[in-house]
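Ligands are counted one by one from 1 in listed order, and the atoms in each one are counted from 1 as well.
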Amino acid sequence: MDIRALTKEQLKEEMARIGEKPFRAGQIFDWLHIKQVKSFDEMTSLSKALREKLKAEYTLSNIKIAEKLISRQDNTRKYLFDLGNNIIIESVLMKYSYGNAVCISSQAGCRMGCKFCASTVDGLERSLTAGEMAMQIYEIQRDIGERVGNVVIMGSGEPLDNYDQLIAFLTIIGEGIGIGQRHITVSTCGLADQIDSLAQLKLQITLAISLHAPNDDIRKKTMPVANKYSIDRVISAAKNYADITGRRVTYEYALIKGVNDSTENARELAQRLRGSLCHVNLIPVNDVKENDFVRSGENTIKSFAEELTKNGIETTVRRRLGSDINAACGQLRKHYKDRMNKN
Ligand code: SAH
């Protein structure tokens, strides 16, 4: 069990289980998430005997920077982290006027199989622990010497396919480095049952749904998850989330030339979303060398956005950051792994 994946509450339960006093939980939590130590031996306020006991009971997740790329265009930084045993994940730092935002991975690889996405090409290697998710933020803060204030869980992996660790992670970064729920976005390909569970927790995080299509026929062409949950089931889960939490849901929509980008598609999408607390974020699809999808042209994107707005749906077009360093969607991890395999 990764001790860094435990919330304060869970650490207290663990201390009871191994016969230690409850206040040890707070001490250990501080070492792990405030001082962010990399070994049990650095926890110098604990006796040697207790440190040995912890070593016997738990593992301690560590990640290290394998590679770092800094965009010359806009200061976006892309990190490849080594989790050990040849597991590589990626994270991205984006600098905005309001502060630093980090995009983290929730799994190494992914089993959702979206056809336009590079993270899914080799399937799922394994899910990350809550500690490994948090470490991505800690290591980036350490590297830049600045605080990170916003987190998006939009790197490789499907966060709701790693539900319990995700929830622990959200708690831990609130308790530890004070990142509040309103500064966190969780992006999902639309696992409706888990969205329902998340809604019941009444958190204040932003939910982003990767919709990428106006109907099931088109969605099934690019997203296998559409065979499990219909688009209406996904949208109704998202509406329920907005109703219960009062948080506006974001729908992500990557525009792919000739697949989902017609004016008719925009109208159908608007009809489906009408009356819900949401906004649509249009993304020009990124080229991935493993597939043939082509990004829609500027004018198509503009007309698509206009059609949505005209039909009463609030719409933004995502700025593309770090395009010179492949800072998108599992591309860098994939290239790195391919390179390692050639050597
Ligand atoms: N599994 C989660 C989060 C990771 S993907 C999800 O599906 O939301 C983060 C976002 O990047 C998703 O909206 C995903 O659909 C999108 N994405 C993946 N590959 C892309 C590509 N080639 N171009 C544009 N967006 C892409």
Just say parallel, tilted or perpendicular for the rings of H33 and Y138, cut-offs at 30° and 60°.
perpendicular
Closest to atom 6 (C) of ligand 1 by heavy-atom distance, out of G190, P284, S210, is S210
Can you list the ligand 1 atoms lying under 4.0 Å from a non-hydrogen atom of C189?
6 (C), 7 (O), 8 (O)
Between I209 and ligand 1, which residue portion shows a heavy-atom distance shorter than 4.0 Å: side chain, backbone, both, or neither?
neither
Assess whether a salt bridge exists between D74 and K95, defined as any Lys/Arg side-chain N lying under 4.0 Å from an Asp/Glu carboxylate O.
no
Using a 4.0 Å cut-off to any heavy atom of C117, which atoms of ligand 1 qualify?
18 (C), 19 (N)
Please determine, by modelled atom types, if S127 and Q107 share a side-chain donor-acceptor pair under 3.5 angstrom.
yes
Need the ligand 1 atom indices (1-based, order shown) with element for anything under 4.0 Å from a heavy-atom of H212.
13 (O), 14 (C), 15 (O)
Would you indicate whether the side-chain heavy atoms of F40 and E52 approach each other to under 4.5 Å?
no
Any N or O on G157 sitting closer than 3.5 Å to an N or O of ligand 1?
yes
Considering only heavy atoms, does E252 approach ligand 1 within less than 4.0 Å through its side chain, its backbone, both, or neither?
side chain
Looking at ligand 1, does G155 have a heavy atom less than 4.0 Å from it?
yes
Answer whether the closest heavy-atom distance between the side chains of N150 and Y98 falls below 4.5 Å.
yes
Counting C-beta onward and ignoring hydrogens, is there a side-chain heavy-atom pair between R77 and I144 closer than 4.5 Å?
yes
Run the numbers for me: atoms of ligand 1, each under 4.0 Å from some heavy atom of V285, listed by number.
21 (C), 22 (N), 23 (N), 24 (C)
Test item: L308 and L273 side chains (from C-beta on) under 4.5 Å apart, heavy atoms:
no
Taking N or O atoms only and a 3.5 Å limit, does F116 qualify as a polar contact for ligand 1?
yes
